[in-house]
Amino acid sequence: MASSAPRSSRDRPAAPEAVAAALERFVAERLPAALPRQRWFGSQGRRVVAVRLRDLAPLGARAPGAWWSLVDVEFERGADETYALPLLVCGDARAPGGTLGHLEVEGVPGLVADALDEPSFCRALLAAIGEDLTVRCRRGVIRFLRAAAFPTGAAFDALVPKRLGGEQSNTSVVYGDALILKAFRRIAPGTNPEREMTGFLTTRARFRHVPQLAGAVEYLPAEGEAVTLAVLHRFAPNRGDGWSWALGHLAELRNFVATRGRHEPLEPGRLGELVRDFSAGTVAGLGLLGGLTGALHAGLAEAPDDLAFAAEPISSGDVARWTGRIASDLGLTLEMLRVSLPMLPAPARGRGQALLAAGPALNASLDGLAPLAVEGCCKIRVHGDYHLGQTLRTDDGFVILDFEGEPVRPPEERRAKQCALKDVAGMLRSFDYAVATALGDEGAASAVGDTWRRLAVEAFLDGYLPAAAKAPVRLGPRARPTLHRALAVFELDKALYEVRYELDHRPTWVDVPLRGLARLLLAGPARPAPPWVA
């Protein structure tokens, strides 16, 4: 360890009971101010009233001074939250990065740091998973569990751990080029979907285009459901994420078209030809991603004997529930837009006014979900938060990441079975954001973006539909125009969520989902079949 644990005035290690008592005081007195400064803290906009220790466990001799804590956070407004904090109690000032504050143990000053910044602690975690270690807490146990993809005969000391930067809601540590551990920060009762989904896809579906589950850490309270604290996966060598790949290509496309435009007039037909030719490789890659997505959904539908994953017929009740929820979200979104309209820039304000006027037409389009029940389509477990940033490019295609679902939603909602088109809609909306980020909405760039978006959508769906059709159950309506109308409802749902998110967090970006909603309005419920239907 970088620092020894606090020592008593008699120059011997402080008793664990004394350190635990000091940590309980530290949690109550210091964490209310320290937590909002942490990147992974999920409620930055709410005032913390109190923090209380829920449970605590030392990791023992393998990680001196290291404790895994669970704390309950009370806010001035809204529901409480629970966070998992691996802590390192240090006896001097040589703490690793991520110091949370000071404490005293039997009168001796010390520091408390984020243990995931300490390489020795991270090595100890890996060894504990490999040994299926169980550690007793005050009110339960923490279990380190080895899974199918855990490497045999691993030389743990040779795997140099490194904490990754950039993540927000979780913390990841890579071990050389072999393994990656994701520690969940905000936790809730029940199995985290990331563990459940990647475990199923590793061992049951044997789908190799996801990180293979190698282990997990869970907290089992004396009463109540187990809580997933961390997951360990085999590391997937990659060339970066799909979002960066798409943005890089679109930047090159913008420059290419601008250069050609200085030498020849670019009529719409010629512009479309240039975009199609220049983007052929990237578009083919999106077709491959569509095929992998369809194969993923087919794999998730192939376990009739597993209640958590067995495909179930979409009922008229499901359709009514989904339709009612989207209609409610539509009303909420329109009201938020109405209040915000005077503060929006001119282009977004004009589109916002058009959307407010089109509320009844959007509501009428929700009947596009009705065929899901009429035609015997099935709901399955889905990714739930699918977009380009949830993929990695590899030598033979892509790896699909982050099956946690939308972190703001409770585990039972993230684990609920859905129509597979929900994931497809999420990816199509991601194409929209890539175009807006790289090309904007001015002049020739707008026409380039519209052309590329159409090519990307067609390629993705051309890859997706044949692969999804191999599922043992029907995942969408048989007739392509009918399927497209259902997909449009899920695109609407996603775009409405994006409008609310942008109004709350990035008002200057709200024009992106508003443009997407305008395209849905222009198409209308009776729009002709798109090119990929032929």
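Throughout, residue positions are numbered sequentially from 1 according to the sequence presented.
- Ring pair His387/Tyr433: centre-to-centre distance not below 6.0 Å.
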**Request:** Take Arg338 and Glu335 through the salt bridge (Lys or Arg N to Asp or Glu O under 4.0 Å) test and state the conclusion after the steps.
**Result:** CA-CA 5 Å; Arg338 185 177 291 108; Glu335 181 57 33; 2.8 Å; yes

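- Panel note: side chain Glu502, backbone Val510; no donor-acceptor pair is recorded below 3.5 Å.
- Every residue two or more places apart in sequence or in another chain was checked for a side-chain hydrogen bond (donor to acceptor under 3.5 Å, both in side chains) with Gln38, and none qualifies.
- A salt bridge is absent between Asp385 and Arg414: the closest approach of a Lys/Arg side-chain nitrogen to an acidic carboxylate oxygen does not fall below 4.0 angstrom.
- Using modelled atom types, one finds a donor on one side chain and an acceptor on the other under 3.5 Å when comparing Asn170 with Glu404.
- The side-chain heavy atoms of Leu253 and Val275, taken from C-beta on, include a pair separated by under 4.5 Å.
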**Request:** Please report the C-alpha distance between Val231 and Asn192 in whole Å, then the side-chain angles of each, then the deciding distance to 0.1 Å, and finally whether the side-chain contact (heavy atoms from CB on, under 4.5 Å) criterion is met.
**Result:** CA-CA 9 Å; Val231 288; Asn192 189 288; 5.9 Å; no

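- In this structure, Thr198 and Gln212 have side chains that are not in contact, with every pair of non-hydrogen atoms separated by 4.5 Å or more.
- Counting all heavy atoms, side chain and backbone alike, Glu74 lies closest to Asp80 at CA-OD1, 3.5 Å.
- Residues Ser446 and Leu439 form no side-chain contact, since every pair of their non-hydrogen atoms from C-beta on lies 4.5 Å or further apart.
- At distances below 3.5 Å, at least one donor-acceptor pair connects side-chain atoms of His505 with backbone N or O atoms of Tyr501.
- A cation-pi arrangement, defined by a distance under 6.0 Å to the six-membered ring centre and an angle within 45 degrees of its axis, is present between Arg506 and Trp509.
- Nearest heavy-atom pair across Ala295 and Ala467 is N-CB, 3.7 Å.
- Of the charged side-chain nitrogens involved, none lies within less than 4.0 Å of a carboxylate oxygen, so that Lys494 and Asp329 do not count as a salt-bridged pair.
- Side-chain N or O atoms of Ser315 include one that pairs as donor or acceptor with a backbone N or O of Asp318 at under 3.5 Å.
- Between Asp72 and Arg54, at least one side-chain N (NZ, or NE/NH1/NH2) sits under 4.0 Å from a carboxylate O, which counts as a salt bridge.
- Put simply, the side chain of Pro36 reaches to within 4.5 Å of the side chain of Val48, judged on heavy atoms.
- The backbone N or O of Ala310 sits less than 3.5 Å from a side-chain atom of Lys417, completing a donor-acceptor pair.
- Using a 4.5 Å heavy-atom threshold, the side chains of Val283 and Phe460 count as separate.
- Within the 4.5 Å cutoff, side-chain heavy atoms of Thr191 are placed close to those of Glu196.
- Between Arg515 and Asp511, at least one side-chain N (NZ, or NE/NH1/NH2) sits under 4.0 Å from a carboxylate O, which counts as a salt bridge.
- Aromatic pair Trp40/Phe184: centroids not less than 6.0 angstrom apart.
- Between Arg429 and Pro513 there is a side-chain heavy-atom pair separated by less than 4.5 Å.
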**Prompt:** So Arg46 and Glu81, salt bridge (Lys or Arg N to Asp or Glu O under 4.0 Å) or not? Walk me through it.
**Reply:** CA-CA 11 Å; Arg46 297 198 287 161; Glu81 295 176 346; 3.1 Å; yes

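- The cationic group of Arg186 does not satisfy the cation-pi geometry with Tyr83, failing either the under 6.0 Å distance to the six-membered ring centre or the 45° limit from the ring axis.
- Ion pairing between Lys182 and Asp402 holds under the 4.0 Å rule for side-chain N and carboxylate O.
- We find that Arg519 and Glu491 are not joined by a salt bridge, their nearest charged nitrogen and carboxylate oxygen being 4.0 Å or further apart.
- Shown here for Ala236 and Leu392, the closest heavy-atom pair between the two residues is O-CD1, 4.5 Å.
- Partners of Arg453 according to the salt bridge (charged side-chain N to carboxylate O under 4.0 Å, His left out) rule, which considers only residues two or more places apart in sequence or in another chain, are Asp432, Asp450.
- Not a single donor-acceptor pair under 3.5 Å links the side chain of Asp241 to the backbone N or O of Arg393.
- Put simply, the side chain of Arg276 does not reach to within 4.5 Å of the side chain of Trp452, judged on heavy atoms.
- Here Glu218 pairs with Arg195 in a salt bridge; the nearest charged N to carboxylate O distance falls below 4.0 Å.
- Tyr386 meets the ring-ring contact (aromatic ring centres under 6.0 Å, His included) test with His383; sequence neighbours excluded.
- Judged by distance alone, the side chain of Thr394 and the main-chain N or O of Asn238 form no donor-acceptor pair under 3.5 Å.
- Across all non-hydrogen atoms, the minimal contact from Leu475 to Ala468 is CD1-O, 3.9 Å.
- Distance alone, capped at 3.5 Å, places no donor-acceptor pair between the Ser279 side chain and the Thr282 backbone.
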**Prompt:** Between Leu337 and Leu344, does a side-chain contact (heavy atoms from CB on, under 4.5 Å) hold up when you go through it step by step?
**Reply:** CA-CA 9 Å; Leu337 191 59; Leu344 297 180; 4.0 Å; yes

